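Presented below is the structure to which this report refers.
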Amino acid sequence: MEQKITVSDSELEILEVLWAAGNALNAGEIRSALDAHKNWERTTVLTLIQRLVKKGALLQEKRAQNNREVYYYTPCIAREEYVRAETRNFVEKFFKGRSRNLAAALVDSEALTRKDIEELRDYFNQNL
């Protein structure tokens, strides 16, 4: 990720819909996908989409459809890349860049079970 793209929680929901779809969607399709858990007005969805386009998080492409032009949107960043960047930012911001401090905080807060810790240990042993 060359530039840091910061998105709000609501904007992230738009991105999640597009990442899950795996292909470009128009605003109506995005809104339909959100309808299951959000009751956003059409204008809210359009505003969030335009913010993401302005931030460089979405690519907007005009396509002909049923004798009219419709905009379709594609994420400019892969979900995995975004999560990696946000994780790095989180560790920098709250743990002075030290992942060990993050792990200690998780253990101290009892957010990790013994099973979680064992699974992490196995993961590290297999991947390092």
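Since the structure is predicted, the reported quantities are computational estimates derived from the model, not experimental observations.
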Query raised in the report: Backbone N or O of T6 within a donor-acceptor pair of the K55 side chain at under 3.5 Å?
Result: yes
Report task. To the nearest 0.5 angstrom, please state how far the CZ atom of F94 sits from the CG atom of L102. Result -> 11.0 Å
Requested in this report: State whether the number of non-hydrogen atoms from other residues, nucleotides or ligands found under 6.0 Å of N67 atom CG is greater than 12.
Outcome: no
**Report entry** Nearest non-hydrogen partners of V45 and A27, listed with the distance
**Finding:** CG1-O, 4.1 Å
Report summary line: So SG of C76 and CD of E81: to nearest 0.5 Å the spacing works out to 10.5 Å
Query raised in the report: If you count the non-hydrogen atoms of other residues, nucleotides and ligands that lie under 6.0 Å from CG in N39, is the total more than 12?
Result: no
Query raised in the report: Heavy-atom distance under 4.5 Å between the side chains of W40 and I14, does that happen here?
Result: yes
Query raised in the report: Which pair of non-hydrogen atoms, one from A21 and one from N23, has the smallest distance, and what is that distance?
Result: O-OD1, 2.8 Å
Query raised in the report: Do L112 and L120 touch side chain to side chain, with heavy atoms closer than 4.5 Å?
Result: yes
Requested in this report: Report the C-alpha separation of L58 and Q60 in whole Å, then their side-chain angles, then the decisive distance to 0.1 Å, and conclude whether the side chain to side chain contact (heavy atoms under 4.5 Å, CB included) test is met.
Outcome: CA-CA 6 Å; L58 290 184; Q60 177 178 277; over 6 Å; no
Requested in this report: Show your working on salt bridge (Lys or Arg N to Asp or Glu O under 4.0 Å) between E92 and K96 and close with a plain yes or no.
Outcome: CA-CA 5 Å; E92 271 303 314; K96 297 183 171 120; over 6 Å; no
Query raised in the report: If you measure from NZ on K38 to CD1 on I30, what distance do you get to the nearest 0.5 Å?
Result: 15.5 Å
Requested in this report: Determine whether V107 and Y123 fall in the same hydrophobic cluster, where Ile, Leu, Val, Met, Phe, Trp and Tyr are linked whenever their side-chain heavy atoms lie under 4.5 Å apart.
Outcome: yes
Query raised in the report: If you round to the nearest 0.5 Å, how far is CG of L48 from CG of L15?
Result: 10.0 Å
Report task. Would you kindly confirm whether L106 and F95 end up in one hydrophobic cluster when ILVMFWY residues are joined by side chain heavy atoms under 4.5 Å apart? Result -> yes
Requested in this report: Could you walk me through whether E86 and R84 pass the salt bridge (Lys or Arg N to Asp or Glu O under 4.0 Å) test, one step at a time?
Outcome: CA-CA 6 Å; E86 283 299 305; R84 260 194 311 276; over 6 Å; no
Query raised in the report: For R42, does the CZ atom have more than 12 heavy-atom neighbours from other residues, nucleotides or ligands under 6.0 Å away?
Result: no
Query raised in the report: Cut-off 3.5 Å, side chains only: do D35 and S32 have a donor facing an acceptor?
Result: no
Requested in this report: Verify, without hydrogens or angle tests, whether W19 (side chain) and P75 (backbone) share a donor-acceptor contact under 3.5 angstrom.
Outcome: no
Query - Atom pair CZ (R51) and OG (S8), whose distance is rounded to the nearest 0.5 Å - result: 6.5 Å
Query - Side-chain heavy-atom pair L34, E13 within 4.5 angstrom cut-off - result: yes
Query raised in the report: Mind checking whether V17 and Y73 have side chains closer than 4.5 Å, heavy atoms only?
Result: no
Report summary line: The reported gap from CD in E29 to OH in Y72 (rounded to nearest 0.5 angstrom) is 5.0 Å
Query raised in the report: With a 4.5 Å limit on heavy-atom distance, are the side chains of N26 and Y71 in contact?
Result: no
Requested in this report: Answer whether the closest heavy-atom distance between the side chains of Q65 and R63 falls below 4.5 Å.
Outcome: no
Query raised in the report: Do L52 and E11 come within less than 4.5 Å of each other through their side chains, counting heavy atoms only?
Result: yes
**Report entry** Shortest non-hydrogen contact from S99 toward V91
**Finding:** N-CG1, 3.9 Å
Requested in this report: Flag yes if more than 12 heavy atoms outside R79 fall under 6.0 Å of its CZ atom; otherwise flag no.
Outcome: no
Report task. Look at the side chain of D116 and the backbone N and O of T113, then say whether any donor-acceptor pair between them is shorter than 3.5 Å. Result -> yes
